[in-house]
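Here the structure is laid out as structure tokens; the discussion comes afterwards.
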Amino acid sequence: MLRGFYTAASGMIAQQRRQEALSNNMANANTPGFKSDQGVMRAFPELLMQRMEAKSLPTGRGLHVPFNQELGGLNTGTYLQETVPDFAQGDIRETGIGTDLALVNGDLPDEEGSLYFTVQHEDGEARYTRNGNFTVDGQGYLVTQTGNYVLDEEGSRIDVGGMDFDVASDGTINVAGNDTPLGIAYINDANSLVKEGDTSFRLEEGEAENARQTPGVNFSVQQNHLERSNVDAGKTMTEMMNTYRNFEMNQRVLKAYDQSMDKAVNEIGRLT
């Protein structure tokens, strides 16, 4: 019976963590370039139950079952193994703001590949984002909303001087007749990226490639546009409701086990 407690409790914990991931998706439904997280559930290993207390088990008509009769498997619970980002491109919407840039995927040579703007993190290392909601700081550099510098393809900060600049479809920024190519990174396996918050990713292993120099990679950059979050609000709300119901069902199972244990301890124990 105690195994039932742990099984039901693990189900409640798994559904709670899944609900947290879904709530975070819903909270970022309007965050430009946000990639929703998908929870991956996994069951604990099953136990093979055997009857050990008797050498034989009567089954009627004089028949007996041999010692160590197999009773079947018992599931010992479940857990949320990990949350995996969905790297599908979000919808593109027009904003009319010159510092807003949308990176639009074209043909890519790898099924798991994806494209990103390159920005400089506060630790000096490169980070990758699909959020093109940029602005210009007091020194005239193109930065993210959190103050991280947007980098060119040489890994240098981009001095646009002010809000008046043009961006070609190939990602080249033109300021007073001078062209500066945006740093567009191609990651051939987006699953190697780790979320760091503020819609930025860190490359866990391998190296990012220059998208312009990678064969088979096509993309375009649209100024005055933003890529929206790829969160499906309606689907996420439905999943949140289902997760809550699953949590409640595990809670009822746990309560039933608690009531059975109460009877076993306080009623049956009193009679013996």
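All values derive from a computational prediction rather than experimental measurement.
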Could you tell me whether the side chain of [X] and the main chain of [Y] form a donor-acceptor pair under 3.5 Å?
X: Asn230; Y: Ser36; result: yes
X: Asp159; Y: Tyr141; result: no
X: Glu239; Y: Leu22; result: no
X: Lys195; Y: Lys35; result: yes
X: Arg17; Y: Gln81; result: no
X: Arg212; Y: Pro181; result: no
X: Thr118; Y: Gly183; result: yes
X: Gln222; Y: Val104; result: no
X: Asp100; Y: Leu226; result: no
X: Asp137; Y: Val143; result: no

With a 6.0 Å cut-off (strictly less than), is the heavy-atom count around [atom1] of [X], excluding the residue itself, greater than 12?
X: Asp123; atom1: CG; answer: yes
X: Met237; atom1: CE; answer: no
X: Asn30; atom1: CG; answer: no

Straight-line distance of [X] [atom1] to [Y] [atom2], nearest 0.5 Å:
X: Asn188; Y: Thr214; atom1: CG; atom2: OG1; answer: 9.0 Å
X: Asp86; Y: Phe34; atom1: CG; atom2: CZ; answer: 10.5 Å
X: Met26; Y: Thr236; atom1: CE; atom2: OG1; answer: 5.0 Å
X: Gln120; Y: Glu125; atom1: CD; atom2: CD; answer: 9.0 Å
X: Asn250; Y: Gln16; atom1: CG; atom2: CD; answer: 12.0 Å
X: Leu101; Y: Asn131; atom1: CG; atom2: CG; answer: 10.5 Å

*Partner of Tyr116 by side-chain contact (heavy atoms from CB on, under 4.5 Å), out of Ile187, Ile184, Leu203*: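 When Ile187, Ile184, Leu203 are each tested with Tyr116, the side-chain contact (heavy atoms from CB on, under 4.5 Å) holds only for Ile187.
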*Would you please indicate if the ring centroids of Phe219 and Tyr186 are separated by under 6.0 Å?*
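No - the distance between ring centres of Phe219 and Tyr186 does not fall below the 6.0 Å cut-off.
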*Which pairs pass side chain to side chain donor-acceptor pair (under 3.5 Å) with one or both residues in residues 166-182, sequence neighbours excluded?*
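Checked against side chain to side chain donor-acceptor pair (under 3.5 Å) - neighbours excluded - the pairs reaching residues 166-182 are Asp170-Thr172, Asn174-Asp179.
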_Less than 4.5 Å apart, side chain to side chain, heavy atoms only: is that true for Gln15 and Gln19?_
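With C-beta onward as the side chain, the pair stays apart.
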*Kindly indicate whether the side chain of Glu122, heavy atoms from C-beta on, has any atom under 4.5 Å from the side chain of Arg127.*
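The answer is no, as the side chains (C-beta and beyond) never meet within the 4.5 Å cut-off.
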*Would Phe117 and Ile97 show up in the same hydrophobic cluster when neighbours are defined by side-chain heavy atoms closer than 4.5 Å?*
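Result: no, two separate clusters.
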*Report yes or no: do Leu193 and Val119 belong to one cluster of Ile/Leu/Val/Met/Phe/Trp/Tyr joined by side chain heavy-atom distances under 4.5 Å?*
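No, it is not one cluster - the side chains of Leu193 and Val119 are not joined through contacts under 4.5 Å.
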*asked:* Minimum heavy-atom separation for Ala185 and Ala208, please, with both atom names.
replied: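 The pair with the smallest heavy-atom distance is CB-CB, 4.0 Å.
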_Can you list everything that forms a side-chain hydrogen bond (donor to acceptor under 3.5 Å, both in side chains) with Glu94? Sequence neighbours excluded, please._
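Glu94 satisfies side-chain hydrogen bond (donor to acceptor under 3.5 Å, both in side chains) with no other residue.
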*Taking it one step at a time, do Arg130 and Asn105 satisfy side-chain contact (heavy atoms from CB on, under 4.5 Å)?*
CA-CA 11 Å; Arg130 295 284 302 194; Asn105 293 344; 2.9 Å; yes
*With side-chain contact (heavy atoms from CB on, under 4.5 Å) as the test, would you mind laying out the steps for Tyr244 and Met240 before giving the verdict?*
CA-CA 6 Å; Tyr244 178 71; Met240 290 178 69; over 6 Å; no
*Step by step, work out the side-chain contact (heavy atoms from CB on, under 4.5 Å) result for Phe134 and Thr144.*
CA-CA 5 Å; Phe134 301 139; Thr144 67; 4.0 Å; yes
*Do the charged groups of Arg202 and Glu204 touch, with an N to O distance under 4.0 Å?*
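Between Glu204 and Arg202 there is a salt bridge, with a charged N closer than 4.0 Å to a carboxylate O.
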*Side-chain donor-acceptor contact under 3.5 Å, Arg18 with Asn242*: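 Asn242 and Arg18 do not have a side-chain donor-acceptor pair below 3.5 Å.
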*asked:* Could you go through Asp110 and Asp189, starting from their C-alpha distance and side-chain angles, then the distance that decides it, and tell me whether this counts as side-chain contact (heavy atoms from CB on, under 4.5 Å)?
replied: CA-CA 8 Å; Asp110 302 288; Asp189 183 8; over 6 Å; no
